[in-house]
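A short write-up of the structure that comes next.
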Amino acid sequence: MDKTKPLDAMKLPELKIRARDTWETLNSWKDSGVLQPENFKREVASFGDRRRKDTWIKALCRFRAMLAYKSCLDSWSLLTITFNFRPDRWDYEYRHQILDEFLMYPDSLEIIKGGLEDLYSQDFSNQEREEANGFFELVAEREGRNRRFGNTDGLAWAIPGVSAAA
C-alpha cells in the first residue's frame, strides 16, 4: 500500500515559503548576499501567474535543482544526500520535477555518472551504497519498474547516457 502523499498535497502557503527559502539559500551565495525581494517576485513570475500553484511548483523545482547543481561538491553526495528522496522528505512529492530540472544542465549526466562510479568504487561499502536507495528508486520509478530496497542491478542504464559502472 502506497503511503506517500498525493502530488498536490503541499498547500500553496507552504509551497511559497519553501520556494522563497530555497531561492534565498541559492542567492545568498551569489554577489556576497544582498537579497532583493523584487528579484524573487520577478523570477517566480517567469514561471507563470504567481496566483497559481503550478507556477510555484515549477519555481520551487527549478530553484531546488539549481541549488543541487551549485552546491554539488562530490557527485556521490548528490546521489546519497541531495537526490536520496524518501517519503518523509518535504520535497518528496516533487522529486521527478526536481530531477528533470537538474537534467537540463549540460553536464548533469556526467555528474550523475561520476557519482555512480564513485559509489561503486572500492572506497564505498554496501551499506554506504544503500544510502542512495532513494535515488535508485527514483530512477526505477521513471522507468516504470518496481524494485525492492537494495536492488540496484542495472539501474545505471535507466538514465540516458549513463552506462553501468565497471
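Just so it is clear, the structure is predicted and the values come from calculations on it, not from any experiment.
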Exercise. Which heavy atom in Y105 sits nearest to a heavy atom in A65, and how many Å separate them?
Worked result: CE1-O, 4.1 Å
For this session: Could you tell me whether R50 sits above the aromatic face of W56, with NZ or CZ closer than 6.0 angstrom to the six-membered ring centre and within 45 degrees of the axis?
Result: no
Problem set entry | Ion pair check, R95 and E141, cut-off under 4.0 Å | yes
Exercise. Heavy-atom distance under 4.5 Å between the side chains of E117 and W76, does that happen here?
Worked result: no
Problem set entry | Y92-F85 aromatic ring centre distance below 6.0 Å | no
Exercise. If you measure from CD1 on I112 to CG on D107, what distance do you get to the nearest 0.5 Å?
Worked result: 10.0 Å
Exercise. Judged by modelled atom types alone, do N39 and Q36 share a side-chain donor-acceptor pair under 3.5 Å?
Worked result: yes
Seminar exercise, completed: OG of S75 to CD of E110, rounded to nearest 0.5 Å, is 10.0 Å
Exercise. Between R142 and D100, is there a salt bridge with N-O shorter than 4.0 Å?
Worked result: yes
For this session: Rounded to the nearest 0.5 Å, what's the gap from OG on S77 to CD on E131? Could you check?
Result: 11.0 Å
For this session: State, with a plain yes or no, whether a side-chain heavy atom of F136 is found less than 4.5 Å away from one of L116.
Result: yes
Exercise. Counting only N and O atoms by type, is there a donor-acceptor contact under 3.5 Å from the side chain of N84 to the main-chain atoms of L79?
Worked result: no
Exercise. Taking side chain as C-beta onward, heavy atoms only, is F47 less than 4.5 Å from D54?
Worked result: no
Exercise. For E128, what residues pass the salt bridge (Lys or Arg N to Asp or Glu O under 4.0 Å) criterion, not counting sequence neighbours?
Worked result: none
For this session: Please check if atom CD in E38 has more than 12 non-hydrogen atoms from other residues, nucleotides or ligands closer than 6.0 Å.
Result: yes
Problem set entry | pair P37-R20: side-chain heavy atoms closer than 4.5 Å | yes
Exercise. Looking at CD1 of I81 and CG of D74, how far apart are the two atoms once the value is rounded to the nearest 0.5 Å?
Worked result: 8.5 Å
Exercise. Can you get from L73 to L119 by hopping between Ile, Leu, Val, Met, Phe, Trp and Tyr side chains that sit under 4.5 Å apart?
Worked result: no
Exercise. Is K58 close to T55 at the side-chain level, that is, under 4.5 Å between some pair of heavy atoms?
Worked result: no
Problem set entry | Rounded distance (nearest 0.5 Å) linking atom CH2 of W23 with atom CE of M66 | 10.5 Å
Exercise. Rounded to the nearest 0.5 Å, how far does CD1 of I17 lie from OG1 of T22?
Worked result: 11.5 Å
Exercise. Is a donor on one side and an acceptor on the other found under 3.5 Å between the side chain of T25 and the backbone of D21?
Worked result: yes
For this session: Kindly say whether I57 contributes a backbone atom to a donor-acceptor pair with the side chain of Q97 at under 3.5 angstrom?
Result: no
Exercise. Picking from L67, D91, T82, L60, what satisfies side chain to side chain contact (heavy atoms under 4.5 Å, CB included) with I98?
Worked result: D91
Exercise. Should R64 and R18 count as side-chain neighbours, where that means a heavy-atom distance under 4.5 Å?
Worked result: no
For this session: Look at the aromatic rings of F135 and F83 and report parallel, tilted or perpendicular, splitting at 30° and 60°.
Result: parallel
Exercise. Does a side-chain heavy-atom distance below 4.5 Å link F63 with E101?
Worked result: no
Exercise. Do you know which two heavy atoms are closest between C72 and L78, and how far apart they sit?
Worked result: SG-CB, 4.1 Å
For this session: With sequence neighbours excluded, tell me which residues meet salt bridge (Lys or Arg N to Asp or Glu O under 4.0 Å) with R51.
Result: D49
